[in-house]
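Reminder, nothing fancy here: chain letters follow the sequence lines and each chain counts from 1. Since this is a predicted model, take the numbers as computed values, not measurements. Computed from heavy atoms alone, side chains included, the values below leave out hydrogens, waters and symmetry copies.
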2 protein chains.
Amino acid sequence: MNVRTLCLGILSLQEASGYEIKKDVEDGLFSHFIDASFGSIYPALTQLTAEGYVTVREEEQTGKPDKKVYAITEAGRNALARAISVSPAKDKYKSEFLFQMLLQDYLSPEMMLVAIQKQLDDLNEDLARIAECSHEAAIGHGSHFVADYGNAVLTAGVKCLEYKKAELLQQMAARAAE
Amino acid sequence: MNVRTLCLGILSLQEASGYEIKKDVEDGLFSHFIDASFGSIYPALTQLTAEGYVTVREEEQTGKPDKKVYAITEAGRNALARAISVSPAKDKYKSEFLFQMLLQDYLSPEMMLVAIQKQLDDLNEDLARIAECSHEAAIGHGSHFVADYGNAVLTAGVKCLEYKKAELLQQMAARAAE
DNA sequence: TTGACGCTATATCAGATTGATATATATGCG
DNA sequence: CGCATATATATCAATCTGATATAGCGTCAA
């Protein structure tokens, strides 16, 4: 799935500017399973406009720079329905943290502890973000689904890491006592 | 983290050809949190050789094409240690499945069921792969760590989806009974 | 025995994407 | 006023993906 389809999907839920789409995928409910940079979002919106899948409207703002608000068209909705009907690609998960843990022989126990704590912080931050977004009214079935899935997976990660952290602290204490 | 560091990390665990590295990240123990294509692996190995971080040795095989076996050097181990000592980037998780579920209003219940079942199959396949790799002897602390983490997270995903699937089947039955 | 298929193995490249950087407006703070 | 920060758009080199090409060897059925 490319960034064009991604933008179309977000615009099917609400009108947005490029900047707002970026915020959605960075801090919003989608942040834990979607990512895209300005460098792909802005060209995608330009192309979608040229294809007639979205419309643009320049909006003046007080206290902020003007923005271009994009809205999905009927043709856009059809294109989106077509795009998400194909069997999706398998999930992609990339973790430099796990790569580090795999090569833990190169790390001191202290550095491992720092890495584990950072991962725990990241996971808890994601959980907090989901909780925050879920409080917001007017979210549909889809949002509940992804929030539930995200909670389940992230919570499991936290639980596993808390255990690993305790295990490591015990080992460090034992080594210090020697 | 770039593919060069990734190759260096894998070569620190065992000698390998480019093809074998690809297999490790595709079917091996690392498959669920690492990815790289031939198009990045081969150039990375060429560059690492030029930099003196790895050595190449052409190996003739019976019944298979010859292969180039790469081995990490002392300079390579130092470069690796330096590379993984920096605080790693945050995990990246991209899921077209969750994107589909978010936009479930565009999907029929039957299509949702198919998508959920496919995701369940994918997760169970990953779990089976981890179980299979864990049986193999001579895996170190690092491998156990990532296997445990993978099991925890994937199992949580399966549990959540089993529930969502049952819920959906109930709704479909209720609608059919109307 | 031949030819179709699949696995091992390396290589290349167009197109997509990232991450950084540039530019501009407006607010708040000392 | 200078500085930091947030909003907002845009661009681009470096990187990576996904597809494709090429080739040796094995296997198995027609």
Whole-Å distance separating the [atom1] atom of [X] from the [atom2] atom of [N]:
| X | N | atom1 | atom2 | result |
| --- | --- | --- | --- | --- |
| Y42(B) | dC16(D) | OH | P | 17 Å |
| Q61(B) | dG26(D) | CD | C1' | 14 Å |
| Y19(A) | dT9(D) | OH | P | 9 Å |

Checklist entry - Which part of the nucleic acid, if any, lies within contact of G39(A), taking any heavy atom under 4.0 Å across all strands shown: a base, the sugar-phosphate backbone alone, or nothing? => result base
Item to check | Sugar-phosphate, base or nothing in reach of K22(A), heavy atoms under 4.0 Å | outcome: nothing
Is [X] close enough to [N] that one of its side-chain N or O atoms is under 4.0 Å from OP1 or OP2 there?
| X | N | value |
| --- | --- | --- |
| K92(A) | dG18(D) | yes |
| S37(B) | dA19(D) | no |
| S40(B) | dC16(D) | no |

Checklist entry - Is there a donor-acceptor contact under 3.5 Å from the side chain of Q61(B) to the main chain of D66(B)? => result no
Checklist entry - When you measure from the side chain of Q47(A) to the backbone N and O of A44(A), does any donor-acceptor pair fall under 3.5 Å? => result no
Item to check | Test side chain to side chain donor-acceptor pair (under 3.5 Å) applied to S31(B) and E26(B), K23(B), R129(B), E125(B), the passing residue | outcome: R129(B)
Checklist outcome for this item: Students should find that the nucleotides of DNA chain C closing off the region near chain B, any atom under 4.0 angstrom from a heavy atom, are dT8(C) to dG19(C)
Next on the checklist: salt bridge (charged side-chain N to carboxylate O under 4.0 Å, His left out), that's the test. Do E58(B) and K67(B) meet it? Break it down for me.
Outcome noted: CA-CA 6 Å; E58(B) 202 114 354; K67(B) 65 178 174 181; over 6 Å; no
